[in-house]
Amino acid sequence: MKISNAVPKILTVLIIALLAYTLWSGLSGKGDVQTPSQLVGRPAPEFALKSFSGEKVRLSDFRGKTLLVNFWASWCHPCREEAPVLERIYMSLSGNQVEFIGINIMDDRKSAEEYIKSFGGSFVNIYDPENRIHLDYGVGGVPETFFVNPEGIITGKHRGPLTEKMIMSYIENATTYNEQSRRTENP
């Protein structure tokens, strides 16, 4: 009789442990992966929203530049780990036909503004109060980052925090993707 009473308790503990591990691995960035996406090779979905500084920002405003589009939230610990890396790389690439766009989702504006102030925020950051842009991009969590070539085609997607080496590799890939498409069109 005592063994049969213990089985449900053991199962409950195992389920809770499995859920806790899954949550921890997702939030700790241990699940970093180059994520397959149906959007890779297709035009990046257009958006038009205001930046935190009040300017209207459209994706099409950046045509002709390689883009890093990063979805983030102030409450996301891996985003906080990634933010200084993004800021440092952006500053080092400034003026090289590469732009970064941060898109804050699932957050309150005040917390997002404090986050930007604490991490520099030199690149454009926009607030998506209706949480629509991330749906167009198929974002499943934060941080998630898309790389877009100068013609507006998504060349890569990454889930989890990025390192400097990863960012540079994705940007190089976007540039190469761009050159390959030009060579194919203009032999």
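One-based numbering along the sequence shown. Excluded from the calculations below are hydrogen atoms, water molecules and symmetry mates; all remaining heavy atoms, backbone and side chain alike, are included.
- Side-chain heavy atoms closer than 4.5 Å link hydrophobic residues (I, L, V, M, F, W, Y) into clusters, and following such links, possibly through other members, connects V57 to V69.
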Pair R58-K56, side chain to side chain contact (heavy atoms under 4.5 Å, CB included): steps then yes or no: CA-CA 7 Å; R58 287 185 286 285; K56 189 170 186 175; 3.5 Å; yes

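- For residues 105-126, the pairs satisfying ring pair (Phe, Tyr, Trp, His ring centres under 6.0 Å) are W72-Y115, Y90-F123, F100-F123, Y115-F119, with sequence neighbours left out.
- Of all non-hydrogen atoms in E87 and G121, the two that sit nearest each other are OE1-N, 3.2 Å.
- Y137 places a side-chain heavy atom less than 4.5 Å from the side chain of P45.
- How far CD of E164 is from OG of S169: 12.5 Å, rounded to the nearest 0.5 Å.
- Classification of K117 and E113 as a salt-bridged pair fails, no side-chain N sitting under 4.0 Å from a carboxylate O.
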Evaluation steps, side-chain hydrogen bond (donor to acceptor under 3.5 Å, both in side chains), between N149 and T155: CA-CA 7 Å; N149 76 353; T155 62; over 6 Å; no

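- Heavy-atom contacts from other residues, nucleotides or ligands closer than 6.0 Å to CZ of R88 number more than 12.
- Other residues, nucleotides and ligands contribute more than 12 heavy atoms inside 6.0 Å of the CZ atom of R109.
- In this structure a side-chain-to-backbone donor-acceptor pair under 3.5 Å is present from S92 to I89.
- Not a single donor-acceptor pair under 3.5 Å links the side chain of E99 to the backbone N or O of F62.
- Hydrophobic cluster membership differs between L135 and F71, with clusters built from Ile, Leu, Val, Met, Phe, Trp and Tyr side chains linked at under 4.5 angstrom.
- The shortest side-chain heavy-atom distance between T175 and V98 does not fall under the 4.5 Å cut-off.
- In this structure, the separation between CD1 on I105 and CD on E130 is 14.0 Å, given to the nearest 0.5 Å.
- Contact check on E144 versus R159 returns no salt bridge, with no Lys/Arg side-chain nitrogen under 4.0 Å from an Asp/Glu carboxylate oxygen.
- Between L67 and L59 the shortest heavy-atom distance is CD1-CD1, 3.5 Å.
- Remark: D108 engages no residue in a salt bridge (charged side-chain N to carboxylate O under 4.0 Å, His left out) (not counting sequence neighbours).
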Trace of the side chain to side chain contact (heavy atoms under 4.5 Å, CB included) decision for W75 with V142: CA-CA 10 Å; W75 47 262; V142 288; 3.9 Å; yes

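- The two residues N104 and S74 have their closest heavy-atom pair at ND2-N, 4.1 Å.
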Stepwise side chain to side chain contact (heavy atoms under 4.5 Å, CB included) test for I101 and F47: CA-CA 12 Å; I101 302 171; F47 56 78; 4.3 Å; yes

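- In this structure, NZ in K110 is found 5.5 Å from CD in E114, a value given to the nearest 0.5 Å.
- No chain of hydrophobic side-chain contacts below 4.5 Å, direct or via other Ile, Leu, Val, Met, Phe, Trp or Tyr residues, connects Y127 to M106.
- Formation of a donor-acceptor pair under 3.5 Å by the Y177 side chain with backbone atoms of I154 is not found in this model.
- The closest side-chain donor-acceptor pair between T66 and Q97, if any, does not fall under 3.5 angstrom.
- Considering CG of L39 and CZ of F146, their distance stands at 6.0 Å, rounded to 0.5 Å.
- Separating the CG atom in D61 from the CD atom in E55 is a distance of 10.0 Å, to the nearest 0.5 Å.
- Residues I153 and G41 share a closest heavy-atom pair of CG2-C, 3.5 Å.
- Atom CZ of F52 is separated from atom CG of N125 by 6.5 Å, given to the nearest 0.5 angstrom.
- Closest approach of P161 to E82, counting heavy atoms only: CA-OE2, 3.4 Å.
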Side chain to side chain contact (heavy atoms under 4.5 Å, CB included) between D107 and D128, worked out: CA-CA 9 Å; D107 213 343; D128 186 7; over 6 Å; no

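- In terms of modelled atom types and a separation under 3.5 Å, the side chain of T176 and the main chain of E172 share a donor-acceptor contact.
- Side-chain atoms of N70 never come within 3.5 Å of backbone atoms of T145 as a donor-acceptor pair (strictly under, hydrogens ignored).
- Of all the heavy atoms in V40 and K157, the pair that sits closest is CG2-N, 4.4 Å.
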